[in-house]
Q: 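I am attaching a structure below and will ask some questions about it afterwards.
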Amino acid sequence: MTALLEATGLSLRFGTVPALDDVSLEVFPGEVVAIVGESGSGKTTLLRVLSGMMRPEAGAVRYRDPEGSVHVVHEMGEAAMRRLHRTDWGFVHQNPRDGLRMRVSAGGNIGERLMAVGARHYGSIRAEAAEWLRRVEIDPARIDGMPALFSGGMQQRLQIARTLVTRPRLVFMDEPTGGLDVSVQARLLDMIRALVADLGLAVVIVTHDIAAARLLAHRLLVMRQGQVVEQGLTDRVLDDPQHEYTQLLVASVLAA
Amino acid sequence: MSWAIRTEGLGKSFTLHLQGGTRIPVLEGIELDVAPGECVALAGPSGAGKSTLMRLLYGNYGAGAGRILIRHRGAEVDLAAADARLVREVRRETLGYVSQFLRVIPRVPTLDIVAEPLTARGVAPEQARARAGELLAGLNLPSRLHGLPPATFSGGEQQRVNLARGFAPGYPVLLLDEPTASLDAGNRAVVIGLIAAAKAAGTAVIGIFHDTEVRDQVADRLFEVQPMPVAA
Amino acid sequence: MTALGYNFGYLDENTKRMIRRALLKAVAIPGHQVPFGAREMPLPYGWGTGGIAVTASVIGADDRLKVIDQGADDTTNAVSIRRFFAKVAGVETTERTGEATIIQTRHRIPEIALREGQVLVYQVPMPEPLFRLEPRVSETKRMHALADYGLMHVKLYEDIARHGHVAISYNYPVLVGGRYLMSPSPIPAFDNPKMDRMPALQLFGAGREKRIYAVPPYTSVRSLDFEDHPFRPVRADAPCALCGSRESYLDEVVVDDRGGRMFVCSDTDYCSTRQATREAAE
């Protein structure tokens, strides 16, 4: 297995509704894969299953660690899973409140992942936190500020800083620009694009924003009713969509 | 001489599901060979599918039939069948494309847009920026603009940024879609010089040139793209 | 049966056996909180029911009991508990730290070093060191299970960022045996170093929360800190007004209505012993 993450034959039903229907996917190091589709298409469920937060009824997700060992994600112990989620993996939630500690300062939020993996030098933790605030374009003077007093865009950038501080290799993002003003979205997207390129991150991003997918993703999966109806190079899927649903999706965006 | 890029029976049609599944054939049986150092100009009336052929060659459109062979890392790769990762690798190392319009990335300075394909190939950032600066200066883009994102530039300025980005890495195969459309005479001459230099360095060039003066100066031969009969 | 008709040590033998089992498990897993079935004791929750249940389960006829509250043997709570065991177990009691075999304590560790064979029983109001940081019990349990204590360091980080130092003066969190995060009960941080590698057995009882935990003799107990902000026990910068000690933990006592105050040892036995020694020398 040369991929970083490999999912095969994932299936999951909610009652009679198929949330995932035989979905397979590979993510390679440094590759940004976007999952697009309308609400209820199963894209968020796929992200949760890929990241080990939800268990599929059939199929498997495999992850290759930095030493080259392959792990079946849903067979990992809870301790190993947690370690993975705070070292080699990251998860950026749509709502920054789900990914931040609102009563802990910006610096403490960024420092938490460092401390969780054993950092015990206050000065270094603080310096690293300040550096990451700068990278996500938050004034380092606000290091002791509470996230509750930050704007939505700042909160989301803080969540990204908190996630990336331990230099993960694979980051899952669930609609990271959802709920933000359009002007704020553009800035955030560009920042994510630059960070991902700089750090060589592999990213699986769920979005219904086709423009965001075009800007960020190398590869695109189009989901509908739990199935991947089309996938491939981002510009090819968007400029030469084959599936009826993809054509509709692209046409809807251009019409908007 | 052997080819750098070659198509075999290349065809393309579009099926418009939103219009009741109407199928529009655009290209059929395209056989094109371009050798290293050769420049081939696509010719044919407007709507014949010249731009579609360019996009097929770049992998931006999926081929409907046939093969697109390109020499990549010393081996033959069929772009029509390659997976997304391989297409990206070919684009990074072997195949460049200068489209008519610059796809502006918000907030990224011009210099970095031009340097990006170089850094993607592993060139050190300072070196890449220096090379980008030279190219932009050669295309008469004032250095005071290099640090600005090109979103607010004029069409001609954006096209020069696009050209600098396309010529920066020295791809073995380069696709040029109307590279001089919005340029003045002076900059047209610069582009003609860039194409000549690329050819001399062994680049296979395929271009669409509406400007026949430019075309006559750079193209070694024409490749006629025939319009498909309209389906009854 | 004692004269009053109570079973020895007040609790029935089955309850004592249940608590002893919990204690054995606690000793086997230093710092880990073991649930136990707390019984109603003849005093309200918050007054030391957990400590009394533990003491009642380990006390024997030959034991000599000392009880302190905030370091003092003569406070209401200490006197009541001491009298309680004199009655229901008929054991000897003492105020001398060195003579006691069991010391039940609220909020202090005696100043003089404890020795092998002694048992220190702490009264614990809230056994969970993470409860202010993480309100979900299921999540704190998981954090203990996975030794996932980054959050506790976040709290220390926040203190330093806000106050320039860790602003925890009592109930300062410790790591036991390099594994479990533990609340030392609300003892002053000044006492924390005494817990480390203590020759005596340390038992902790939380009656309301129904948890028992323990630190066996000679177990490492480390106060959490940062390399560049090491743990520092603090005491008032003054000698004891009564015995002159510069080493002991001091209480600040208001002595009049005009703001007059003085510092005296919180450990009454330690202080009176020093005073007696000084008088004898004079």
Side-chain angles (χ1 to χ4, degrees), chain A residues 2-4 25-34 137 177 182-198 200 202 211-212 214-221 229-252 254-255, chain B residues 12-24 26-27 49 51-64 68 79-92 95 97 99 101 103-109 112-113 115-122 125 128 149 151:
Chain A
T2 56
L4 203 54
L25 159 72
E26 283 179 313
V27 182
F28 289 85
E31 193 179 35
V32 181
V33 178
E137 301 171 18
T177 59
V182 176
S183 60
V184 177
Q185 281 185 10
R187 181 179 182 187
L188 184 68
L189 279 176
D190 178 55
M191 199 198 77
I192 293 175
R193 189 197 59 78
L195 284 173
V196 164
D198 272 7
R214 190 190 277 276
L215 183 69
L216 291 177
H218 302 127
R219 208 146 53 76
L220 209 59
L221 270 79
V229 296
E230 184 164 356
Q231 62 173 307
L233 212 56
T234 300
D235 61 86
R236 189 184 298 180
V237 172
L238 295 181
D239 293 341
D240 186 16
Q242 303 297 307
H243 192 275
E244 182 178 356
Y245 177 68
T246 316
Q247 291 187 359
L248 179 66
L249 207 61
V250 173
S252 317
L254 293 177
Chain B
K12 178 66 182 172
S13 63
F14 293 97
T15 304
L16 307 179
H17 293 291
L18 304 181
Q19 268 105 56
T22 310
R23 189 175 162 278
I24 302 175
V26 180
L27 296 171
S51 280
T52 298
L53 177 54
M54 291 290 256
R55 285 167 167 253
L56 281 171
L57 295 177
Y58 193 58
N60 178 231
Y61 286 173
I68 302 165
L79 277 178
D83 70 12
R85 279 203 315 138
L86 183 54
V87 174
R88 281 182 59 216
E89 184 189 291
V90 170
R91 286 179 179 182
R92 189 167 59 238
L95 179 62
Y97 178 41
S99 60
F101 302 103
R103 187 174 282 283
V104 176
I105 306 168
R107 302 203 308 159
V108 180
D112 289 347
I113 288 180
E116 193 269 334
L118 290 167
T119 49
R121 300 166 128 216

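Within every chain, numbering begins at 1; the chains are lettered A, B, ... in the order of the sequence lines, protein sequences first and strands thereafter. Only heavy atoms go into these numbers, but all of them, side chains included; no hydrogens, no water, no symmetry mates. Just so you know, these numbers come straight off a predicted model, no measurement behind them.
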Q: Considering only heavy atoms, give the residues of residues 237-244 of chain A separated from chain B by less than 4.5 Å, sorted numerically, with 'none' for an empty result.
A: A:Asp239, A:Asp240, A:Gln242, A:His243, A:Glu244
Q: In Å and rounded to the nearest 0.5 Å, what is the CG to CD distance from B:Leu118 to B:Glu116?
A: 9.0 Å
Q: For A:Arg187, which atoms come within 4.5 Å of any heavy atom of chain B: side chain, backbone, both, or neither?
A: both
Q: If you measure from CZ on B:Arg91 to CG on A:Leu233, what distance do you get to the nearest 0.5 Å?
A: 4.5 Å
Q: Looking only at heavy atoms and a cut-off of under 4.5 Å, which of A:Met191, A:Arg193, A:Gln231, A:Arg219 has the most pairs with chain B?
A: A:Arg193
Q: Show your working on side chain to side chain contact (heavy atoms under 4.5 Å, CB included) between A:Val196 and A:Leu216 and close with a plain yes or no.
A: CA-CA 9 Å; A:Val196 164; A:Leu216 291 177; 5.8 Å; no
Q: Roughly how far apart are A:Arg214 CZ and A:Thr234 OG1, rounded to 0.5 Å?
A: 8.5 Å
Q: Parallel, tilted or perpendicular for B:Tyr97 and B:Tyr58, by the 30°/60° rule?
A: tilted
Q: When rounded to the nearest 0.5 angstrom, what distance separates CD in A:Glu230 from CG in A:Leu221?
A: 10.0 Å
Q: Which atoms of A:Leu215 are under 4.5 Å from chain B, going by heavy atoms: the side chain, the backbone, both sets, or neither?
A: side chain
Q: Out of curiosity, B:Leu79 CG to B:Leu57 CG, how far, rounded to the nearest 0.5 Å?
A: 8.5 Å
